[in-house]
Number of protein chains: 2
Amino acid sequence: MKNKLPIALSNRHIHLSQEDLDKLFGEGYTLKKLKDLSQPGQYACEEKVDAVGPKGTIKGVRILGPVRAETQFEISVSDAFKLGVKTEIRDSGDIDNTPGLKLVGPEGETAMNKGVIVAARHIHMNTEDAKKFDVKDKDRVKIKIEGPRGLTFEEVLVRISDSYALEMHVDVEEGNACGVKNGELVELI
Amino acid sequence: MKNKLPIALSNRHIHLSQEDLDKLFGEGYTLKKLKDLSQPGQYACEEKVDAVGPKGTIKGVRILGPVRAETQFEISVSDAFKLGVKTEIRDSGDIDNTPGLKLVGPEGETAMNKGVIVAARHIHMNTEDAKKFDVKDKDRVKIKIEGPRGLTFEEVLVRISDSYALEMHVDVEEGNACGVKNGELVELI
């Protein structure tokens, strides 16, 4: 069990700036919490928005709270194809020179000029976990998955903060490609 | 280049028996070729069918020809979830105790009682290739993918026949999980 940690599959979701939230839901709007996520302080919201790309639209994209400094829309490679935007594999927050698209909410719309990314697979952990796994912030590590769709993920970004709960995040396509379920334990090698 | 081979992404598709083809398109129906596939003798057809599962429907599933002894519907894990059928990772042809569902065509419908699978990732090669790669039929090998979504696929089934063209097949979720494009070269390790 020494090198095991839980994995979770992230569906497409969006983090909004207060400025974009105001444009989409009305001036001074406050997000309504639907449920807490595993990372402390993070939550899924009741609110959803539609994303309109040059080739297609994805309706009902879940908003995650709280609001952030910049709007960031995390999609899958299939979503990028459907929307007609370029696939950019990026670490969260690294959004310079990424595509934008139009967001539509109940009270208005806003044009993101950047921030559409396919999130790089990553692990959240605190400093105690980091000692145990013998890794540093921003290391890239390997994670082994067992089973009939077994594989070893390379290039897994490590993010360390004492506000994090130990968890590996992959998108739905990565999770399905190796047949894991939410909460399953995987191995850092 | 010694251990390299091309990869291709398979979208959901269906192989029909003549009996099911008759039920869906009319007695004695002949499939119309749309385009040849990379495997000799295999082709995409103009015809499509709708697949109706207990939880959802997928419209317009492409039929691949020629007809086979048994109907087999190859889907992704996401498709299995949408349709509401159990995910069964299977080698092509190994369909005992797999789910079925209803197929609807322009002239009628048919109830598959088995044959819905998520195909195990695999490599087609001929006997010359097998010598070069030093593998035997039904071996399970490892394939390494480079790049920002780099990973190593384990449990890759080898299928050898002199009617095969050298190619690795993964489904769309597996392909997107490692960021490969059709025709890209990958490495057997």
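Residue numbering restarts at 1 for every chain, and letters A, B, ... go by the order of the sequence lines.
Lys33(A) places a side-chain heavy atom less than 4.5 Å from the side chain of Tyr43(A). Residues Asp171(A) and Val118(A) have side chains in contact (heavy-atom distance under 4.5 Å, counting atoms from C-beta outward). No side-chain heavy atom of Ile89(A) sits under 4.5 Å from any side-chain heavy atom of Glu155(A).
When each of Arg149(B), Arg121(B), Glu174(B) is scored by its heavy-atom pairs under 4.5 Å with chain A, the top score falls to Arg149(B). For the set Val170(A), Val77(A), Asn176(A), Thr87(A), the entry with the most heavy-atom pairs within less than 4.5 Å of chain B is Asn176(A).
With a 4.5 Å cut-off on non-hydrogen atoms, Lys144(B) touches chain A through its side chain but not through its backbone.
Distance alone, capped at 3.5 Å, places no donor-acceptor pair between the Arg159(A) side chain and the Tyr164(A) backbone.
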